[in-house]
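Data first, discussion second: the structure below is written as structure tokens.
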2 protein chains.
Amino acid sequence: MSQSQSKPPTPARRSEATRTAILDAARERFAADGYERATIRAIAKDANIDPSMVMRYYGNKEGLFAAAVAIDLKLPDPASFQRDEVGRALVTHFLAMWEENEVLTALLRVGATNQAGAERMRGIFGEQLLPLARRVCPDPEQAPARAALASSQLLGLALTRYVLRFPPAVALAREEVVAWLAPTVQRYLTAPHPA
Amino acid sequence: MSQSQSKPPTPARRSEATRTAILDAARERFAADGYERATIRAIAKDANIDPSMVMRYYGNKEGLFAAAVAIDLKLPDPASFQRDEVGRALVTHFLAMWEENEVLTALLRVGATNQAGAERMRGIFGEQLLPLARRVCPDPEQAPARAALASSQLLGLALTRYVLRFPPAVALAREEVVAWLAPTVQRYLTAPHPA
DNA sequence: TACGTTGGCCTACGCTTGTTGACATGAGCC
DNA sequence: GGCTCATGTCAACAAGCGTAGGCCAACGTA
């Protein structure tokens, strides 16, 4: 074992290529079809490998999904935000994240019909957006509600633009989306409680 | 007398009861499980009938779904809106519609993973919300974009509250939701184009 | 050369799915 | 009585699913 460690420090497993090919194909299928219709067989075919490879590397379909949608929203350090620009910054950042790859679309599509997917979605927004809300919103006690409201607008846009594909929502330019949504998110996070 | 009424010229098909039992069960299952996992067998069992009855009455699963989610948003006559209250009226109305029965939840869950479901969703919002937007927004040319923005917020709330069930979104009282969202929808529909 | 490990394919099992068609039942009309 | 049609049950089909396990080729090490 000391040998195996001295010889190839990282054997650069040639299986790594297969693993990522599977994950890429899985993300694409989950994003396009949702959980049930994204079959292991179809994913394997996309990745040009045998279905049993998926089982070997990820255990079962649930494990594959979990690995495929492990994601970090990569929100910048809350301290680095200008408080009155948080709305614009968030909307811009989310648009970039959604269009960068298909992970978030996959997560949303699956979350709509799958218990584990919904749980994962709650986790991501609860753990990553909530801390930021706590920082910028006036009363920390309102942070969960305010984060949820901001989520509702951000996810609603993603839903209409990337999942349901309402033509006018798809047609909007990025800057237009930002111009419209930034004040909304800003208000949800920092404005005084209405009424 | 009672006989002539109990056996009317139109036999008042006793299948009508079965038909609606199927539809009720179907709506419940589609809302809870989405399209794929809502199996015809499960729906039939809920309705206490044989799966083949579903086929007889609705042709196939797609037909059943189409019948189950035929819905009218029941938006009031656009002319009856006070222009500066359209945001509050819409949010209130939508909350009531979503909580009145499970059709909209079923539609959203299915729309997220099913092509036909997404198409139906586009149709409903395009045909029922758009005319209202045309009435109240300043420049009719912007109506589609503004209606889509309003949809994004309304559907985003439904997504987080009724589908993904973010705890803070579920916990919000109806009046609170209205207080937060009404200004947003109002702005999307009637405020001057930003920037 | 022989060997264990790794990466990969193939076949098959058990199950569920949507869908079909043959058969039973029961009420209304001749 | 018989006929007809609407209503409902039952059994079965072909297809597709997730998953399991055995077999094979290639390679690094002894």
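Computed from a prediction, not measured in an experiment: that's the story for all the values here. Here is the naming used below: chain letters follow the sequence lines, and residue numbers restart at 1 for every chain.
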Near DNA chain D, counting only heavy atoms under 4.0 Å, which residues of residues 62-70 of chain A show up? none
Tell me, please, which residues at least two apart from [X] pass side-chain contact (heavy atoms from CB on, under 4.5 Å).
X         : value
Leu159(B) : Leu108(A), Leu155(A), Leu108(B), Val163(B), Leu164(B)
Ala42(B)  : Arg29(B), Thr39(B)
Glu127(A) : none
Ala26(A)  : Phe30(A), Ile43(A), Leu64(A), Ala68(A)

Let me check something: any side-chain donor-acceptor pairs from residues 50-61 of chain B under 3.5 Å, sequence neighbours excluded? List them with distances.
{"unit_1": "Asp50(B)", "atom_1": "OD2", "unit_2": "Ser52(B)", "atom_2": "N", "d": "2.9"}
{"unit_1": "Asp50(B)", "atom_1": "OD2", "unit_2": "Ser52(B)", "atom_2": "OG", "d": "2.7"}
{"unit_1": "Tyr58(B)", "atom_1": "OH", "unit_2": "Arg19(B)", "atom_2": "O", "d": "3.2"}
{"unit_1": "Asn60(B)", "atom_1": "OD1", "unit_2": "Glu62(B)", "atom_2": "N", "d": "3.3"}
{"unit_1": "Asn60(B)", "atom_1": "OD1", "unit_2": "Gly63(B)", "atom_2": "N", "d": "2.9"}
{"unit_1": "Lys61(B)", "atom_1": "NZ", "unit_2": "Tyr35(B)", "atom_2": "O", "d": "2.8"}
{"unit_1": "Lys61(B)", "atom_1": "NZ", "unit_2": "Ala38(B)", "atom_2": "O", "d": "3.2"}

Euclidean distance, atom [atom1] of residue [X] to atom [atom2] of [N] [Å, nearest integer]:
X         : N       : atom1 : atom2 : result
Arg19(A)  : dT6(C)  : CZ    : P     : 12 Å
Asn114(A) : dG18(D) : CG    : P     : 13 Å
Arg56(B)  : dT19(C) : CZ    : C1'   : 13 Å
Lys61(A)  : dT19(D) : NZ    : P     : 8 Å

Heavy atoms only: give me the nearest Arg37(B)-Thr113(A) pair and the separation to one decimal.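 Between these two residues, the closest heavy atoms are NH1-O, 2.9 Å.
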Thr18(A) side chain N/O closer than 4.0 Å to the phosphate oxygens (OP1, OP2) of dG7(C)?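 No, outside the criterion.
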Go through residues 25-55 of chain A and report each residue with a non-hydrogen atom lying under 4.0 Å from DNA chain C, sorted by number. Arg41(A), Ile49(A), Asp50(A), Ser52(A), Met53(A)
How would you list, by chain and number, every residue that makes a salt bridge (charged side-chain N to carboxylate O under 4.0 Å, His left out) with Arg187(A), sequence neighbours excluded? none
Among all residues two or more places apart in sequence or in another chain, which pass the ring pair (Phe, Tyr, Trp, His ring centres under 6.0 Å) test with His193(A)?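 Here the qualifying residues are Trp180(B).
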